[in-house]
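In what follows, a single structure is set out as C-alpha coordinates and then discussed.
Start at 1 and go down the list; that is how both ligands and their atoms are numbered. The figures here come from the full heavy-atom set of this structure, side chains too, leaving out hydrogens, waters and symmetry mates.
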Amino acid sequence: MKNVVVIGAGTGGLVAANRLKAGLGKRAHITIFEKTHSHAFPPSLLWLAVGKRRPAQITRRHKRRRGIEMVNASVTKIDWSNRVVQTADRSVPYDYLILAPGAAHYPERLPGFSEAALDLYSAEGATRISAELAAFTGGKIVILVASLPFKCPAAPYEAAFLVDARLQERNIDAQIQIITPEPMPMPSAGPEIGKSVEQMLLSRNIEYLPSQNAVSINASSQKIKMQNGEELSYDLLIGIPPHGLPSFLSGSQVLAENGWVKVNPQTLETSVADVFAIGDVTTIGLRNGKPLPKAGVFAHAEAETASAMVIGRIKGKESSNRFDGHGACFLETGYGRAGHATGDFFAESGPKVFMKTPSRFSHLVKVVFEKWWLWKWF
Ligand SMILES: Cc1cc2nc3c(=O)[nH]c(=O)nc-3n(C[C@H](O)[C@H](O)[C@H](O)COP(=O)(O)OP(=O)(O)OC[C@H]3O[C@@H](n4cnc5c(N)ncnc54)[C@H](O)[C@@H]3O)c2cc1C
(Lines give C-alpha, C1' and ligand atoms only; values in the text may rest on other atoms or scores of the structure.)
Protein backbone atom coordinates (compact mmCIF):
# COMPACT_ATOMS: atom_id res chain seq x y z
CA MET A 1 0.00 0.00 0.00
CA LYS A 2 1.34 3.45 -0.99
CA ASN A 3 1.34 6.48 1.31
CA VAL A 4 -0.06 9.61 -0.29
CA VAL A 5 0.13 12.85 1.67
CA VAL A 6 -1.68 16.11 0.90
CA ILE A 7 -0.65 19.30 2.77
CA GLY A 8 -3.54 21.75 3.18
CA ALA A 9 -7.32 21.13 3.16
CA GLY A 10 -8.29 24.33 1.35
CA THR A 11 -9.69 24.60 -2.16
CA GLY A 12 -7.06 22.46 -3.89
CA GLY A 13 -6.25 20.03 -1.08
CA LEU A 14 -9.89 19.10 -0.42
CA VAL A 15 -10.50 18.26 -4.07
CA ALA A 16 -7.22 16.36 -4.40
CA ALA A 17 -7.71 14.21 -1.27
CA ASN A 18 -11.27 13.28 -2.24
CA ARG A 19 -10.28 12.39 -5.81
CA LEU A 20 -7.36 10.29 -4.52
CA LYS A 21 -9.68 8.40 -2.20
CA ALA A 22 -12.21 7.76 -4.98
CA GLY A 23 -9.51 6.70 -7.46
CA LEU A 24 -7.31 4.58 -5.21
CA GLY A 25 -9.58 2.99 -2.61
CA LYS A 26 -7.53 0.50 -0.59
CA ARG A 27 -4.44 0.81 -2.78
CA ALA A 28 -3.24 3.83 -0.78
CA HIS A 29 -3.27 5.35 2.67
CA ILE A 30 -4.22 9.01 2.20
CA THR A 31 -3.26 11.55 4.86
CA ILE A 32 -4.21 15.22 4.72
CA PHE A 33 -2.63 17.81 7.02
CA GLU A 34 -4.61 20.89 7.92
CA LYS A 35 -3.61 23.46 10.54
CA THR A 36 -7.07 25.01 11.03
CA HIS A 37 -10.27 23.40 12.30
CA SER A 38 -12.65 25.03 9.86
CA HIS A 39 -12.91 26.31 6.30
CA ALA A 40 -14.55 29.60 5.31
CA PHE A 41 -15.48 29.59 1.60
CA PRO A 42 -13.18 32.42 0.41
CA PRO A 43 -15.37 34.04 -2.31
CA SER A 44 -18.13 34.52 0.28
CA LEU A 45 -15.86 36.69 2.47
CA LEU A 46 -16.86 39.57 0.19
CA TRP A 47 -20.54 39.04 0.98
CA LEU A 48 -19.67 38.65 4.66
CA ALA A 49 -17.92 42.05 4.54
CA VAL A 50 -21.07 43.81 3.34
CA GLY A 51 -23.54 42.05 5.61
CA LYS A 52 -24.95 39.67 2.97
CA ARG A 53 -23.78 36.58 4.88
CA ARG A 54 -23.22 35.59 8.50
CA PRO A 55 -19.99 33.71 9.40
CA ALA A 56 -21.89 30.47 10.11
CA GLN A 57 -23.40 30.50 6.61
CA ILE A 58 -20.01 30.31 4.88
CA THR A 59 -17.95 28.31 7.39
CA ARG A 60 -17.77 24.55 7.89
CA ARG A 61 -15.76 22.49 10.36
CA HIS A 62 -13.39 20.00 8.78
CA LYS A 63 -14.97 16.60 9.14
CA ARG A 64 -13.59 13.08 9.19
CA ARG A 65 -13.86 11.35 5.83
CA ARG A 66 -13.84 7.61 5.32
CA GLY A 67 -10.56 6.53 3.80
CA ILE A 68 -8.76 9.84 4.45
CA GLU A 69 -6.76 10.41 7.61
CA MET A 70 -7.10 14.06 8.62
CA VAL A 71 -4.23 15.30 10.78
CA ASN A 72 -5.17 18.57 12.41
CA ALA A 73 -1.68 20.01 12.79
CA SER A 74 0.69 22.44 11.16
CA VAL A 75 3.39 20.97 8.93
CA THR A 76 6.73 22.33 10.09
CA LYS A 77 9.17 20.59 7.78
CA ILE A 78 9.60 18.22 4.86
CA ASP A 79 12.51 15.82 4.95
CA TRP A 80 12.98 15.55 1.18
CA SER A 81 15.65 12.85 1.18
CA ASN A 82 13.74 10.49 3.47
CA ARG A 83 10.29 11.45 2.07
CA VAL A 84 8.79 12.41 5.42
CA VAL A 85 6.37 15.19 6.39
CA GLN A 86 6.85 16.54 9.91
CA THR A 87 4.69 18.37 12.42
CA ALA A 88 5.74 19.36 15.96
CA ASP A 89 5.00 15.84 17.24
CA ARG A 90 4.56 13.56 14.24
CA SER A 91 6.45 12.29 11.21
CA VAL A 92 4.52 10.76 8.33
CA PRO A 93 6.25 9.05 5.40
CA TYR A 94 5.06 9.49 1.84
CA ASP A 95 5.50 7.87 -1.54
CA TYR A 96 3.61 10.70 -3.26
CA LEU A 97 3.13 14.22 -1.95
CA ILE A 98 0.75 17.00 -3.05
CA LEU A 99 1.61 20.45 -1.69
CA ALA A 100 -1.57 22.57 -1.33
CA PRO A 101 -0.86 24.97 1.57
CA GLY A 102 -1.95 28.08 -0.33
CA ALA A 103 -0.31 31.48 0.13
CA ALA A 104 0.44 32.55 3.71
CA HIS A 105 -0.55 36.02 4.94
CA TYR A 106 2.16 38.19 6.50
CA PRO A 107 0.45 41.40 7.74
CA GLU A 108 3.61 42.27 9.70
CA ARG A 109 5.47 42.83 6.40
CA LEU A 110 3.61 46.14 6.00
CA PRO A 111 4.24 48.07 9.25
CA GLY A 112 0.97 49.30 10.76
CA PHE A 113 -1.25 46.97 8.69
CA SER A 114 -2.43 44.85 11.65
CA GLU A 115 -3.30 47.89 13.80
CA ALA A 116 -4.86 50.02 11.06
CA ALA A 117 -6.49 47.80 8.45
CA LEU A 118 -9.59 45.64 8.48
CA ASP A 119 -8.41 42.43 6.80
CA LEU A 120 -10.72 41.55 3.89
CA TYR A 121 -9.03 38.14 3.57
CA SER A 122 -10.02 36.67 6.94
CA ALA A 123 -13.46 35.80 8.31
CA GLU A 124 -12.74 37.89 11.42
CA GLY A 125 -11.67 40.89 9.35
CA ALA A 126 -14.63 40.63 6.97
CA THR A 127 -17.00 40.44 9.95
CA ARG A 128 -15.43 43.62 11.38
CA ILE A 129 -15.77 45.36 8.00
CA SER A 130 -19.49 44.56 8.01
CA ALA A 131 -19.91 46.07 11.50
CA GLU A 132 -17.86 49.18 10.62
CA LEU A 133 -19.85 49.74 7.41
CA ALA A 134 -23.12 49.46 9.34
CA ALA A 135 -21.91 52.24 11.66
CA PHE A 136 -20.22 54.35 8.94
CA THR A 137 -21.67 57.83 8.62
CA GLY A 138 -19.53 59.17 5.76
CA GLY A 139 -15.95 59.93 4.72
CA LYS A 140 -13.17 58.23 2.81
CA ILE A 141 -12.87 54.44 2.53
CA VAL A 142 -9.59 53.12 1.17
CA ILE A 143 -9.18 49.57 -0.17
CA LEU A 144 -5.47 48.89 -0.04
CA VAL A 145 -3.59 46.07 -1.76
CA ALA A 146 -0.45 45.78 0.37
CA SER A 147 1.76 43.95 -2.14
CA LEU A 148 1.93 41.64 -5.16
CA PRO A 149 1.10 38.89 -5.81
CA PHE A 150 -2.20 38.43 -4.00
CA LYS A 151 -4.93 35.83 -4.49
CA CYS A 152 -8.13 36.52 -6.38
CA PRO A 153 -7.16 39.50 -8.53
CA ALA A 154 -10.82 40.54 -8.78
CA ALA A 155 -11.32 40.83 -5.00
CA PRO A 156 -10.31 44.50 -4.39
CA TYR A 157 -12.57 45.61 -7.26
CA GLU A 158 -15.46 43.44 -6.10
CA ALA A 159 -14.99 44.84 -2.59
CA ALA A 160 -15.15 48.41 -3.92
CA PHE A 161 -18.35 47.77 -5.91
CA LEU A 162 -20.02 45.92 -3.03
CA VAL A 163 -19.06 48.56 -0.43
CA ASP A 164 -20.30 51.30 -2.78
CA ALA A 165 -23.66 49.50 -3.26
CA ARG A 166 -23.98 48.87 0.49
CA LEU A 167 -23.45 52.55 1.32
CA GLN A 168 -25.72 53.76 -1.50
CA GLU A 169 -28.48 51.53 -0.08
CA ARG A 170 -28.06 53.41 3.22
CA ASN A 171 -27.79 56.82 1.50
CA ILE A 172 -24.32 57.37 2.94
CA ASP A 173 -21.99 59.77 1.17
CA ALA A 174 -18.58 58.12 0.87
CA GLN A 175 -15.51 58.53 -1.27
CA ILE A 176 -14.08 55.10 -2.17
CA GLN A 177 -10.49 54.77 -3.31
CA ILE A 178 -8.50 51.70 -4.39
CA ILE A 179 -4.72 51.87 -3.89
CA THR A 180 -2.75 49.05 -5.49
CA PRO A 181 0.75 48.23 -6.79
CA GLU A 182 -0.83 46.70 -9.93
CA PRO A 183 -0.52 48.78 -13.11
CA MET A 184 -4.14 47.99 -14.02
CA PRO A 185 -6.98 45.82 -12.68
CA MET A 186 -6.39 42.07 -13.09
CA PRO A 187 -3.25 42.52 -15.28
CA SER A 188 -2.76 38.79 -16.02
CA ALA A 189 -6.06 38.82 -17.91
CA GLY A 190 -4.77 41.45 -20.34
CA PRO A 191 -5.30 45.17 -21.01
CA GLU A 192 -8.87 44.90 -22.37
CA ILE A 193 -10.22 43.40 -19.15
CA GLY A 194 -8.19 45.99 -17.21
CA LYS A 195 -9.71 48.86 -19.21
CA SER A 196 -13.24 47.57 -18.87
CA VAL A 197 -12.90 47.25 -15.06
CA GLU A 198 -11.39 50.77 -14.89
CA GLN A 199 -14.38 52.03 -16.89
CA MET A 200 -16.75 50.38 -14.41
CA LEU A 201 -14.89 52.00 -11.49
CA LEU A 202 -15.13 55.40 -13.17
CA SER A 203 -18.86 55.01 -13.76
CA ARG A 204 -19.31 54.35 -10.03
CA ASN A 205 -17.08 57.30 -8.97
CA ILE A 206 -14.56 54.95 -7.37
CA GLU A 207 -11.11 56.51 -7.46
CA TYR A 208 -8.36 54.23 -8.75
CA LEU A 209 -4.68 54.70 -7.84
CA PRO A 210 -2.64 51.99 -9.65
CA SER A 211 1.15 51.40 -9.45
CA GLN A 212 1.24 52.64 -5.85
CA ASN A 213 3.27 50.88 -3.16
CA ALA A 214 2.51 51.46 0.52
CA VAL A 215 5.50 51.37 2.88
CA SER A 216 3.77 51.86 6.25
CA ILE A 217 0.48 52.84 7.85
CA ASN A 218 0.00 55.09 10.85
CA ALA A 219 -3.14 53.96 12.66
CA SER A 220 -3.37 57.03 14.92
CA SER A 221 -3.06 59.67 12.19
CA GLN A 222 -4.96 57.42 9.72
CA LYS A 223 -2.39 57.94 7.00
CA ILE A 224 -0.71 55.55 4.56
CA LYS A 225 2.88 56.40 3.67
CA MET A 226 3.65 55.61 0.04
CA GLN A 227 6.99 54.73 -1.58
CA ASN A 228 6.98 58.06 -3.47
CA GLY A 229 6.87 59.92 -0.13
CA GLU A 230 3.20 60.91 -0.38
CA GLU A 231 0.86 60.38 2.57
CA LEU A 232 -2.70 59.29 1.80
CA SER A 233 -5.43 59.60 4.39
CA TYR A 234 -8.42 57.40 5.14
CA ASP A 235 -11.36 57.20 7.52
CA LEU A 236 -11.87 53.46 7.10
CA LEU A 237 -9.15 51.17 5.79
CA ILE A 238 -9.92 47.80 4.19
CA GLY A 239 -6.73 45.87 3.45
CA ILE A 240 -5.44 42.88 1.55
CA PRO A 241 -2.39 41.71 3.54
CA PRO A 242 1.03 40.85 2.08
CA HIS A 243 1.15 37.25 0.81
CA GLY A 244 4.13 34.91 0.87
CA LEU A 245 5.38 31.36 0.85
CA PRO A 246 4.33 29.20 3.84
CA SER A 247 7.39 29.11 6.10
CA PHE A 248 7.83 25.30 6.12
CA LEU A 249 8.84 25.56 2.43
CA SER A 250 11.40 28.37 2.92
CA GLY A 251 14.72 27.61 1.27
CA SER A 252 13.50 24.31 -0.16
CA GLN A 253 14.64 22.87 -3.45
CA VAL A 254 11.24 23.14 -5.16
CA LEU A 255 11.23 26.95 -5.37
CA ALA A 256 11.43 29.18 -8.43
CA GLU A 257 13.47 32.40 -8.40
CA ASN A 258 10.39 34.41 -7.40
CA GLY A 259 10.08 32.38 -4.20
CA TRP A 260 6.98 30.32 -5.07
CA VAL A 261 6.88 26.62 -5.94
CA LYS A 262 7.89 25.88 -9.53
CA VAL A 263 5.83 23.22 -11.30
CA ASN A 264 5.43 21.68 -14.69
CA PRO A 265 2.40 23.75 -15.88
CA GLN A 266 0.69 20.74 -17.45
CA THR A 267 1.32 18.01 -14.84
CA LEU A 268 1.90 20.12 -11.67
CA GLU A 269 4.91 17.99 -10.76
CA THR A 270 7.74 19.84 -9.04
CA SER A 271 11.47 19.37 -9.66
CA VAL A 272 11.34 16.56 -7.06
CA ALA A 273 9.97 13.30 -8.48
CA ASP A 274 6.52 12.28 -7.15
CA VAL A 275 6.04 15.65 -5.44
CA PHE A 276 3.26 17.78 -6.92
CA ALA A 277 2.13 21.30 -6.00
CA ILE A 278 -1.19 22.98 -6.73
CA GLY A 279 -2.97 26.27 -6.14
CA ASP A 280 -1.73 29.52 -4.66
CA VAL A 281 1.64 28.17 -3.50
CA THR A 282 2.73 27.61 -7.11
CA THR A 283 4.03 29.95 -9.79
CA ILE A 284 3.22 29.43 -13.46
CA GLY A 285 4.45 31.96 -16.02
CA LEU A 286 2.17 33.01 -18.88
CA ARG A 287 3.02 34.04 -22.46
CA ASN A 288 2.38 37.73 -21.59
CA GLY A 289 5.14 37.56 -18.97
CA LYS A 290 2.62 37.69 -16.09
CA PRO A 291 1.97 34.88 -13.62
CA LEU A 292 -1.15 32.71 -13.67
CA PRO A 293 -3.49 34.38 -11.12
CA LYS A 294 -3.80 32.79 -7.72
CA ALA A 295 -7.44 31.67 -7.85
CA GLY A 296 -9.61 28.86 -6.58
CA VAL A 297 -10.75 27.92 -10.05
CA PHE A 298 -7.15 27.04 -10.96
CA ALA A 299 -6.42 25.36 -7.61
CA HIS A 300 -9.46 23.13 -8.25
CA ALA A 301 -8.48 22.20 -11.82
CA GLU A 302 -4.85 21.62 -10.79
CA ALA A 303 -6.05 19.32 -8.01
CA GLU A 304 -7.90 17.22 -10.59
CA THR A 305 -4.71 16.89 -12.65
CA ALA A 306 -2.27 16.26 -9.78
CA SER A 307 -4.52 13.62 -8.19
CA ALA A 308 -5.04 11.93 -11.58
CA MET A 309 -1.25 11.87 -12.05
CA VAL A 310 -0.73 10.21 -8.65
CA ILE A 311 -3.55 7.72 -9.24
CA GLY A 312 -2.09 6.87 -12.66
CA ARG A 313 1.38 6.27 -11.26
CA ILE A 314 0.12 4.04 -8.45
CA LYS A 315 -2.02 2.04 -10.88
CA GLY A 316 0.89 1.79 -13.33
CA LYS A 317 -0.88 3.69 -16.14
CA GLU A 318 0.30 7.29 -16.67
CA SER A 319 -2.68 9.68 -16.69
CA SER A 320 -3.38 11.79 -19.76
CA ASN A 321 -5.10 14.47 -17.61
CA ARG A 322 -3.31 17.80 -18.18
CA PHE A 323 -3.97 21.24 -16.68
CA ASP A 324 -4.85 23.47 -19.64
CA GLY A 325 -4.99 26.96 -18.09
CA HIS A 326 -8.71 27.48 -18.71
CA GLY A 327 -10.60 29.27 -15.97
CA ALA A 328 -13.50 31.54 -15.14
CA CYS A 329 -14.13 34.11 -12.47
CA PHE A 330 -17.03 36.22 -11.25
CA LEU A 331 -16.81 39.95 -10.62
CA GLU A 332 -19.47 40.98 -8.11
CA THR A 333 -20.65 44.50 -8.85
CA GLY A 334 -23.30 44.91 -6.14
CA TYR A 335 -27.08 45.30 -6.49
CA GLY A 336 -27.35 41.50 -7.03
CA ARG A 337 -25.26 41.51 -10.21
CA ALA A 338 -21.94 40.04 -11.27
CA GLY A 339 -19.74 40.03 -14.35
CA HIS A 340 -18.32 36.71 -15.53
CA ALA A 341 -14.88 36.42 -17.11
CA THR A 342 -13.77 33.23 -18.86
CA GLY A 343 -10.53 32.56 -20.59
CA ASP A 344 -7.65 30.47 -21.83
CA PHE A 345 -4.62 31.62 -19.86
CA PHE A 346 -2.22 29.30 -21.72
CA ALA A 347 -3.16 30.62 -25.20
CA GLU A 348 -0.16 30.90 -27.57
CA SER A 349 -0.46 34.66 -28.03
CA GLY A 350 -1.08 35.35 -24.32
CA PRO A 351 -4.21 34.96 -22.17
CA LYS A 352 -7.50 35.26 -24.05
CA VAL A 353 -10.11 36.42 -21.55
CA PHE A 354 -13.64 37.69 -22.18
CA MET A 355 -15.99 39.28 -19.69
CA LYS A 356 -19.79 39.22 -19.85
CA THR A 357 -21.66 42.36 -18.84
CA PRO A 358 -22.72 42.18 -15.16
CA SER A 359 -26.07 40.42 -14.80
CA ARG A 360 -28.37 38.96 -12.18
CA PHE A 361 -27.88 35.56 -13.79
CA SER A 362 -24.09 35.52 -13.19
CA HIS A 363 -24.64 36.58 -9.58
CA LEU A 364 -27.13 33.71 -9.12
CA VAL A 365 -24.67 31.23 -10.64
CA LYS A 366 -22.11 32.38 -8.05
CA VAL A 367 -24.65 31.90 -5.25
CA VAL A 368 -25.46 28.38 -6.51
CA PHE A 369 -21.73 27.59 -6.73
CA GLU A 370 -21.26 28.67 -3.10
CA LYS A 371 -24.07 26.33 -1.95
CA TRP A 372 -22.74 23.48 -4.11
CA TRP A 373 -19.18 23.86 -2.78
CA LEU A 374 -20.23 23.79 0.87
CA TRP A 375 -22.54 20.80 0.23
CA LYS A 376 -20.10 18.84 -1.93
CA TRP A 377 -16.99 18.93 0.26
CA PHE A 378 -18.41 19.15 3.80
C1 LIG B 1 -11.89 37.32 -0.42
C2 LIG B 1 -11.50 36.26 -1.41
C3 LIG B 1 -12.32 36.02 -2.52
C4 LIG B 1 -11.96 35.06 -3.46
N5 LIG B 1 -12.79 34.84 -4.51
C6 LIG B 1 -12.44 33.93 -5.46
C7 LIG B 1 -13.29 33.68 -6.58
O8 LIG B 1 -14.37 34.27 -6.72
N9 LIG B 1 -12.88 32.78 -7.50
C10 LIG B 1 -11.69 32.12 -7.39
O11 LIG B 1 -11.35 31.31 -8.26
N12 LIG B 1 -10.86 32.33 -6.33
C13 LIG B 1 -11.22 33.20 -5.38
N14 LIG B 1 -10.39 33.42 -4.30
C15 LIG B 1 -9.06 32.77 -4.25
C16 LIG B 1 -9.15 31.35 -3.74
O17 LIG B 1 -9.80 31.30 -2.51
C18 LIG B 1 -7.74 30.77 -3.61
O19 LIG B 1 -7.03 31.00 -4.79
C20 LIG B 1 -7.81 29.29 -3.33
O21 LIG B 1 -8.43 29.06 -2.09
C22 LIG B 1 -6.43 28.65 -3.35
O23 LIG B 1 -6.53 27.31 -3.02
P24 LIG B 1 -5.31 26.55 -2.32
O25 LIG B 1 -5.78 25.17 -2.10
O26 LIG B 1 -4.07 26.79 -3.07
O27 LIG B 1 -5.11 27.31 -0.93
P28 LIG B 1 -6.14 27.55 0.25
O29 LIG B 1 -7.54 27.41 -0.20
O30 LIG B 1 -5.73 28.84 0.87
O31 LIG B 1 -5.86 26.36 1.25
C32 LIG B 1 -4.63 26.17 1.89
C33 LIG B 1 -4.87 25.36 3.16
O34 LIG B 1 -3.63 24.90 3.66
C35 LIG B 1 -3.60 25.06 5.07
N36 LIG B 1 -2.20 25.17 5.48
C37 LIG B 1 -1.33 26.17 5.19
N38 LIG B 1 -0.13 25.93 5.73
C39 LIG B 1 -0.24 24.75 6.40
C40 LIG B 1 0.67 23.97 7.18
N41 LIG B 1 1.93 24.36 7.37
N42 LIG B 1 0.21 22.83 7.72
C43 LIG B 1 -1.06 22.41 7.55
N44 LIG B 1 -1.98 23.12 6.81
C45 LIG B 1 -1.56 24.26 6.24
C46 LIG B 1 -4.40 26.34 5.30
O47 LIG B 1 -4.90 26.41 6.61
C48 LIG B 1 -5.51 26.20 4.25
O49 LIG B 1 -6.65 25.54 4.75
C50 LIG B 1 -10.75 34.33 -3.30
C51 LIG B 1 -9.95 34.54 -2.18
C52 LIG B 1 -10.32 35.49 -1.24
C53 LIG B 1 -9.45 35.70 -0.03
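Across the listed options A9, S38, G102, G279, G102 owns the non-hydrogen atom lying nearest to atom 27 (O) of ligand 1. Proximity annotation for atom 37 (C) of ligand 1: of P101, G10, A277, P101 comes nearest, heavy atoms only.
Residue-to-ligand polar distances place V75 within reach of ligand 1: an N/O pair is separated by less than 3.5 Å. Residue A299 has no nitrogen or oxygen atom sitting less than 3.5 Å from a nitrogen or oxygen atom of ligand 1, judged on distance alone.
For atom 50 (C) of ligand 1, the closest non-hydrogen atom of the protein is C152 CB, 3.3 Å. Of all protein heavy atoms, the one closest to atom 9 (N) of ligand 1 is P43 CG, 4.4 Å. The closest protein non-hydrogen atom to atom 35 (C) of ligand 1 is E34 OE1, 3.2 Å. Protein heavy atom nearest atom 24 (P) of ligand 1, with residue, atom name and distance: G12 N, 4.0 Å. In terms of protein heavy-atom proximity, atom 2 (C) of ligand 1 is closest to P42 O, 3.4 Å. With hydrogens left out, the protein atom closest to atom 22 (C) of ligand 1 is D280 OD2, 3.1 Å, a heavy atom. Atom 29 (O) of ligand 1 has T11 N, 3.0 Å as its closest protein atom, hydrogens excluded (heavy atom only). Looking from atom 16 (C) of ligand 1 to the surrounding protein, the closest heavy atom is G296 N, 3.4 Å.
The residue P246 has no part lying near ligand 1, judged by heavy-atom distances below 4.0 Å. Looking at A73 against ligand 1, only its backbone comes within 4.0 Å, counting heavy atoms. Contact annotation: for K35 versus ligand 1, heavy atoms closer than 4.0 Å belong to both the backbone and the side chain.
The cationic group of K366 lies under 6.0 Å from the six-membered ring centre of W47 and within 45° of the ring axis, placing it in a cation-pi geometry.
Salt-bridge formation is detected for the pair D164/R204: a Lys NZ or Arg NE/NH1/NH2 atom is positioned less than 4.0 Å from an Asp or Glu carboxylate oxygen. For R90 and E69, the salt-bridge test passes: some basic side-chain N is under 4.0 Å from an acidic carboxylate O. A salt bridge links R53 to E370: one of the charged nitrogens lies within less than 4.0 Å of a carboxylate oxygen. In summary, D274 and R83 engage in a salt bridge, as defined by a charged side-chain N under 4.0 Å from a carboxylate O. Using a cut-off of 4.0 Å between Lys/Arg side-chain N and Asp/Glu carboxylate O, E269 and R313 are scored as salt-bridged.
The ring-ring contact (aromatic ring centres under 6.0 Å, His included) check on F248 picks up nothing, with sequence neighbours excluded.
Every atom of ligand 1 with a heavy atom of F33 under 4.0 Å away is listed here by number and element: 43 (C), 44 (N). Atoms of ligand 1 found under 4.0 Å from any heavy atom of Y121 (numbered from 1 in listed order, with element): 1 (C), 53 (C). Short contacts between ligand 1 and F248, defined as distances under 4.0 Å to a heavy atom of the residue, involve ligand atoms 41 (N).
No side-chain donor-acceptor contact under 3.5 Å links H62 and N72.
Using a 4.5 Å heavy-atom threshold, the side chains of I143 and I179 count as separate.
Here side chain to side chain donor-acceptor pair (under 3.5 Å) pairs that include residues 100-117, with residues two or more places apart or in two chains, are H105-K151.
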